[in-house]
Structures are given as structure tokens and as C-alpha cells.
Amino acid sequence: MTTYFSEPQSMYYRFGEDQDQVLKVLAERYIGANAQADFVYRVFQKSGILQNEKGLYDLNLGKRFPDAPKDHISYAAALVWGDEDRNLDVLVRCYGPVRFYFNEQLVYRSTVMDEISPDATVKLSIDIKPGWNTIWLEMKNTPAGFGCQFGSDEGKVRILNVYAPFQERQGQAGWVFSQPNPATSKQPDLLGKESDVSLNWLPETGWSNEDKTKPAFERIFGNLAGKHAYAWTHLNNNDSTGNAVRLSGQSSGSLSIWICGKPVAQVKEAGPFEVDVPASFGRSDLLVRSEYDDTAGPWHFNLNATVSGKPLSLELPQRVHGANGESWLYVGPFESEVEPDLADLTRTDRVYQTGQGQTYWRLDRPDAWIRPYYENAMLSNKWTVGSVTNYGRWDYPLGVTVYGLLRTGRYLQRPDITRYAAEHVQACTQMYEYSLWDREQYGFPAVNQQLVMLKMLDNCGSFGSAMLEAYSECHEPTFLPIAERIADFMLSRLERQEDGAFYRTCVGEYAENTMWADDLYMSTPFLVRYARVTGNSAALDEAARQFSLYRKYLFMPEFKIMSHVYDFKYGQATQIPWGRGNGWTLFSLTEVLEALPTEHPERPALIDFFNELCEGYAALQGESGLWHQVLNVPQTYEEASCTAMFAYGFARGVRFGWFKDPEVYVTAAERAWKGLICKAIDRQGSVHGVCSGSRYAFTAEYYDQDLRTVTNDNHGIGIMMLAGTEVAKMKKHLAEHRVSSPVVSHS
């Protein structure tokens, strides 16, 4: 019998069967561990190394240095932060000879076949240590090619953020790379000073001597007659007397000035200006619109702020790592007839239509933009990083976590919990338009990777379902356009078998030409909610249809459970009933049955299928109340997430009256919940015994030995909350209907 902690550490020991307390601790522990931290903004230079659509950094030095002499060497360097020990698979695709050093140890030296085979990809495993880790690439120029592609395997999921080395670039995102050199150089101290290294590093961080003589607007945008642009800063008013703030300076054209969104000054002509304006104590947004007048010299303005003759400081309105010394952000240039919404101009989750395309905020540096990242960690002057949070991420395990928080918040009548969950979703969707622009500019998005690179049900269905579940909480306007895109993908563009069944093509990947039970969860709950919100009944019909089709391929009639995967390459199912794959199936079937009208033609067959599955699952429940990782192999370990999903499905079946014989499932749901609070949920609300994310295999050994459990894995936290709420609702339903619930022994 699997044991994750001693009995006094269990949630049952602390609270018994007080489900409200259990749910409260689960939700509050998760929220406490995942603070509502905003994205981290960093300086990124577009003239540096960009990523391709696979997320690999493309160091094609042959294109950058077409005249480099043969056998000359260039280097690329970057830093990777580790919060804890972890392993990461990275890919290398060579254009020419490459050596890869990680933490100063040679990890890889390319072979002749790596260098001359255009499709050769080398997968390497690296162990990231807590603190800063160094990457050093040595690349030699040959007539065949120069450089490499480098990055994380499955980059949209296992994100590899790299940071610029050297103290002068501290906080900036991206690689540095050297101009070609005739001789080999030793790796320098990448946490030291760039000025101590003899190599000439790119991209250049400072303006050329010629550009330094130009004013900021001219060197950023050029001199563009009839165009206008905006500059944004924070005014720090430390004067408590209430005296007016004096803004003074000089402009090459008309200026409009706003403080905290209110117009405070209008300068109509080029030349010096001086105005007294009201400003509250503390920090205020100060926004300036500058229009270029081609009769007044180079495009510029400068502005100083004083109170009673004392200067006030200006600082960046958004914390941007690597932007030391900067105080203004800039956006533009806009065509004369284009005026962005003023309210959108003091926020960083928007892109702006210029009349010639789209743009975003940038700095007074060569090709330097601000760019949001998911790391949710802050750098200090001592090069240390705080802990990482899940908040604001879009991925499928977090979809079920958000769903669990929403249901728990409603059940406990805790609007703070539901608000937190809804705001997590909003943090993703409000950055959606930006993330599309980010991909267009840089090759691969820094945020919302899975939603933007929409290729699989994993990328959209789970979190999309949670998004629509959250819609009733906030009516966020960005939700429905994204839902329309996801629905179009599922209903019109997703790969299908000839009979219409969803499956995965995944050409060239391990999962090529397969069908997964998991994908019932990755699709049907979203389709149910999409139909509910939009009235599109075809989406609900499709959800019901997929269950009938998946049953044909994956159902194991001798056990009345589901195989995890059907592999069309071999024309057969794997016949391995992975616990969580079956959990996703039952979980999703209850969502579809709840939504299907009584008269729907698919409903009777799906009710029968639900009863078949539940009969099969109930027969395999262990003595502890938990199910095993491979359901029909009791030698495999007890797994918590599938147990929670079976408890969820059974409890809903009882409450909605889908069972022919409900008493068996009342008992099974209660035993499952007690097993979870005794063995899988500790008294601090941490969740144990949840299998890590799975691939697939034809043997039970893979699931048991290669897929180990992870504490507080996002595949399990939300479903624990959902199971708890549903078992509690079942008990309340039985009490209200005066149905005696079987007594469960507490021995």
C-alpha cells in the first residue's frame, strides 16, 4: 500500500470529514503558493537572436556574417536560472561545427553527420542547478555552414528563457554573440564585466557616436512629417505642500500632456515651453504626445518637472529589467489620422494600430523593446531570483486547477477564490493580442505559447473550458473571441479519422497517428461550455458524438474500462488502462451528460456507457479507497488524480440520477474521498501521489516505473477540489432527499 506521509500529517487527521475545511485549505494553500504576480518585463533587442516556430533559438551566423573567413569562430553565451534542481532536454541542430558547454563542462561536440545532415537533430539532457547556469556555444565557420539552432525540446511547454550575461547587460533577455575571430578563446566569467573580455559582443546595447548626437525621437523613429508618437513616464511628486508642478522644456512641434489620464497642458508651437499643472503627491502617469513639425528641425522634446524650484524625478512606469538609467517608454509613430485610445496608452497589455501596422512600447536604445515573460521572478542587484508562480500561465493542467478553484469558491461562497481564478484567466486573455504580435516580431511568443501556437487539443481545450466557466464571474470581453478561435480549431481544422474521430497526427513525433483518452477532456468540456455560452448546439452534438467514437476504439469490454491510447500505426489499442486517462474520460462524460437535453438522440447510449464505465471502475477500487496507476494491475502504485476523478464522476452520477443502482457508487465515492484525505492530501493542503504528465506505451511498466508522482502537481490540485465539492454536494443531495447514505467504517 502506497504511503506518502504519516497518519498525523494527513488532512483526515486534522479535520476528519469536514469537507468545507479541507476545500478551504486546498484552495488557500494553492493561492498562497501562487501569488498574483504580473509578468516580468525585460529589455529585448530584436537585432539579437530570435526563435523559430519550434521555439529553437536560430543562431544562423552564416546569414549574419556572410563574409566571415573560413575556420573563424564565433561564440554565443547566455544564462539560465534554476529555482531548484531540474532536468531539461535540449535540442541542437548544426549548420557547422559546434561545441556546447553547460556550466563550463563540455556536453556536446558535433560529428560530421550532425554537421552535413540538414535534418539531423541531437537531443541532450542537461541538469539545471539552483542559481545561475551558463551556456557557452563555440561555432566554427565552414563552407557548409556556420552556427546552430538551440533550444528546449517541446519549447511551448518546457520553456527555456535565456538571459544576457555580463554585469553591463544584467536583467536583459536573450543571447550575446561575438563577431568571428581567428583564434579560440576561453570562456570568460559570464557574471563578470563585459568590458573585461576582449571579444566584441553583439547586439550592441548603446547608440553609435553619430546617433548619440540626435534627440531621442529622431533616433528612435526618424524625422517623419505629419507623424506623432507618445512617451510615457512616472512623475514622482514628493512635495506635500500641494504646490503646482512646473513642467518645462523644449519641443520641435506641438505637445499634449496628460497626468493620470487628465489633460493638463497643450503646447501648440515649436520652441521652449513652461506650464504649471496640478499633480497629486506620489507617483502619477505622465503621458506626452509629440507631433513632428518638419519646419522645426529634428524631431524631439525634452521635459523637466519641478516644485518650488526643486527637481522631481521621472522613472519608468513599468518595472523593466535591464533598463537601468531609462525613464521613458516610447510608442509610435502613428499616422496623422490615427489616435489610439488614451486609456490604452498607460498599460502594457495592448498593441497599437499605427495606420501602417501594429507596434508596442520600446526604449531609447538600438532596436530595444520591452517584452513580458512568464518567469514571474524578480532579479535583484545580487543576481538572485525569487520563487516562480503559476499565475497567468495558459496550459491544460492549470485549466483544471482554475476550474477547481471556481467550483470551490462558489461552493464555499468565497468570492475571493473565484475572483482569483477569473483573474488568472484574464491575465492570459488580456495579453492574447500582444502575444500574437510578439510571435510575429520574434518568431516565437514569450507568453501564451500554447494558445498562440495552436496545434493540439492539449493547447486549448482544458484552459478554454475553464475560461468559459469563468465567463459568468467577470464577463471579460477578451474571452469570447478566443473561444471562437478554439471552437473553429476543434470543429473545422482539427485532424480526424474518416469516421470523424479526433486524433493526433503529430508527424515525426512520438505520438504520430494516435488517439488518446485524454483528448476527451481536452475537447468535450470546452464544446459543452461553448454551446452553453453561444447557443451553438452543433458543438454539443460533436461532444456527444466523440464519446461514441472513442468508445469504438478504446473501450476494453472485458474490464469495462478504457485503454489509454489507440495507435493507428499498429492498428490497435495499447490495452493499458492508465488511471488518469480513464479519469479524464469519466470526468468529461459527466460534463456532457449534464448538458445533453433529455430528448437528445445520443443520451441513452451515453447513459449506458457511463454505467458500464462506472461498473468497471468500481470493481477495481483498492481497499484504501484509491485506484492504481494502471487500473487492472494492482502491483502498480496508488494514484491520486484518477481517484479524485472517479469520486467526482460517481458523486455526479448519484446527484443527477444516472445510475441504475446508486448505492454502490455512494459508498465508492465516500471511500475514495476518505482515501484521498487520509493518503494523498496532507494537513497543509499539499497534494501527493499525482502522476506526472504522461506519454504512452504498450506496457504497464512504463506507467508504473517511468511516471513517478509529483507533490502539488497541477494535474491533481484542481481535481481534488472538484472531487471534494462534488462529494459534498452528493451528501447534501442525499440528505435533502432523505436517502440514507451507507455508513463507512472509520477503522
Side-chain angles (χ1 to χ4, degrees), residues 36-43 170-171 215-220 228-291 296 299-332 339-350 352 361-365 368 370 378-382:
Q36 290 184 277
D38 195 6
F39 304 105
V40 171
Y41 289 80
R42 297 188 180 279
V43 176
Q170 182 181 340
F217 268 64
E218 181 187 16
R219 63 186 173 221
I220 296 172
H228 58 279
Y230 293 82
W232 177 27
T233 188
H234 264 165
L235 171 68
N236 292 324
N237 183 7
N238 57 9
D239 181 80
S240 60
T241 64
N243 290 334
V245 171
R246 176 160 294 178
L247 303 179
S248 61
Q250 189 158 344
S251 171
S252 61
S254 65
L255 288 183
S256 300
I257 303 174
W258 296 263
I259 293 180
C260 293
K262 297 179 180 179
V264 295
Q266 182 77 39
V267 179
K268 296 184 178 180
E269 297 179 354
F273 66 88
E274 186 174 272
V275 292
D276 290 336
V277 301
S280 301
F281 179 83
R283 300 175 65 190
S284 302
D285 283 308
L286 192 158
L287 184 70
V288 176
R289 179 190 186 278
S290 174
E291 184 171 339
W299 193 1
H300 75 278
F301 84 89
N302 59 64
L303 181 147
N304 299 299
T306 60
V307 172
S308 303
K310 297 179 181 179
L312 301 179
S313 65
L314 304 176
E315 65 178 33
L316 284 180
Q318 171 68 52
R319 176 76 184 276
V320 180
H321 295 278
N324 300 336
E326 302 284 343
S327 54
W328 292 89
L329 296 178
Y330 302 88
V331 67
E339 293 292 345
D341 188 338
L342 186 65
D344 283 349
L345 280 169
T346 50
R347 52 195 301 172
T348 54
D349 59 357
R350 295 288 186 270
Y352 305 100
W361 292 105
R362 58 189 302 176
L363 294 160
D364 182 13
R365 295 186 186 180
I370 71 168
M378 300 299 288
L379 282 174
S380 76
N381 291 330
K382 295 183 179 180

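Here the structure is a predicted model, which is why all the values come from computation and not from measurement. For the single chain, residues carry numbers from 1 onward in sequence order.
Scanning both residues, D344 and R350, for their nearest heavy atoms gives OD1-NE, 3.4 Å. In plain terms, the two heavy atoms of E326 and L316 that are nearest each other are O-CG, 3.4 Å. G322 and R365 make their closest contact through O-NH1, 2.8 Å (heavy atoms, listed as atom of the first residue, atom of the second, distance). Shown here for A270 and A296, the closest heavy-atom pair between the two residues is CB-CB, 3.7 Å. The two residues A323 and L363 have their closest heavy-atom pair at CB-CD1, 4.1 Å.
For E315, the side-chain contact (heavy atoms from CB on, under 4.5 Å) criterion is met by H234, N236, R283, not counting sequence neighbours. Applying the side-chain contact (heavy atoms from CB on, under 4.5 Å) test to D349 and every residue at least two apart in sequence or in another chain returns R347, Q430, M431. By the side-chain hydrogen bond (donor to acceptor under 3.5 Å, both in side chains) test, T233 is found to be paired with no residue, residues two or more places apart in sequence or in another chain being considered. With sequence neighbours left out, Y352 forms a ring pair (Phe, Tyr, Trp, His ring centres under 6.0 Å) with W361. Residues that satisfy the salt bridge (Lys or Arg N to Asp or Glu O under 4.0 Å) test with E218, not counting sequence neighbours, are absent from this structure. Scanning for ring pair (Phe, Tyr, Trp, His ring centres under 6.0 Å) contacts around F217 gives F221, W299, F301, Y330, with sequence neighbours left out. Not counting sequence neighbours, the partners of D239 by the side-chain hydrogen bond (donor to acceptor under 3.5 Å, both in side chains) test are T241. Residues satisfying the side-chain contact (heavy atoms from CB on, under 4.5 Å) criterion with E291, sequence neighbours excluded, are H228, S254, R289. Take S284 and apply the side-chain hydrogen bond (donor to acceptor under 3.5 Å, both in side chains) test, not counting sequence neighbours, and it matches no residue. For W232, the side-chain hydrogen bond (donor to acceptor under 3.5 Å, both in side chains) test picks out D285, with sequence neighbours left out.
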Discussion item. Working note: I220 + R362, criterion side chain to side chain contact (heavy atoms under 4.5 Å, CB included); need CA distance, chi angles, decisive distance, verdict.
Written reply: CA-CA 9 Å; I220 296 172; R362 58 189 302 176; 3.6 Å; yes
Worksheet entry | Trace of the side chain to side chain contact (heavy atoms under 4.5 Å, CB included) decision for W328 with D364 | CA-CA 8 Å; W328 292 89; D364 182 13; over 6 Å; no
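Here the side chain of R42 pairs a donor or acceptor atom with the backbone of G171 at under 3.5 angstrom. In this structure, N237 contributes its side chain and A279 its backbone to a donor-acceptor pair below 3.5 Å.
Of the inter-residue distances, the one linking I370 atom CD1 with Q318 atom CD reads 6.0 Å to the nearest 0.5 angstrom. The line from CD1 of I259 to CG of L247 is 5.5 Å long, rounded to the nearest 0.5 Å. The CH2 atom of W258 sits 8.0 Å away from the CG atom of L345 when rounded to the nearest 0.5 Å. Taken from OG1 in T346 to OH in Y230, the straight-line distance is 12.0 Å, to the nearest 0.5 Å. Atom CZ in R319 sits 12.5 Å away from atom CG in D38 (nearest 0.5 Å). Rounded to the nearest 0.5 Å, atoms OH (Y41) and CG (L329) are 10.5 Å apart.
V275 is not listed as a side-chain neighbour of V264, based on a closest heavy-atom distance of 4.5 Å or more.
Among residue pairs with one or both ends in residues 242-266, those qualifying as salt bridge (Lys or Arg N to Asp or Glu O under 4.0 Å) are R246-E274, R246-D276; sequence neighbours excluded.
The number of heavy atoms from other shown groups lying within 6.0 Å of CD (E269) does not exceed 12.
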Distance-only check: which donor-acceptor pairs under 3.5 Å involve side-chain atoms of residues 302-312, not counting sequence neighbours?
| from | atom 1 | to | atom 2 | distance (Å) |
| --- | --- | --- | --- | --- |
| N302 | OD1 | Q250 | N | 3.2 |
| S308 | OG | N243 | ND2 | 3.1 |

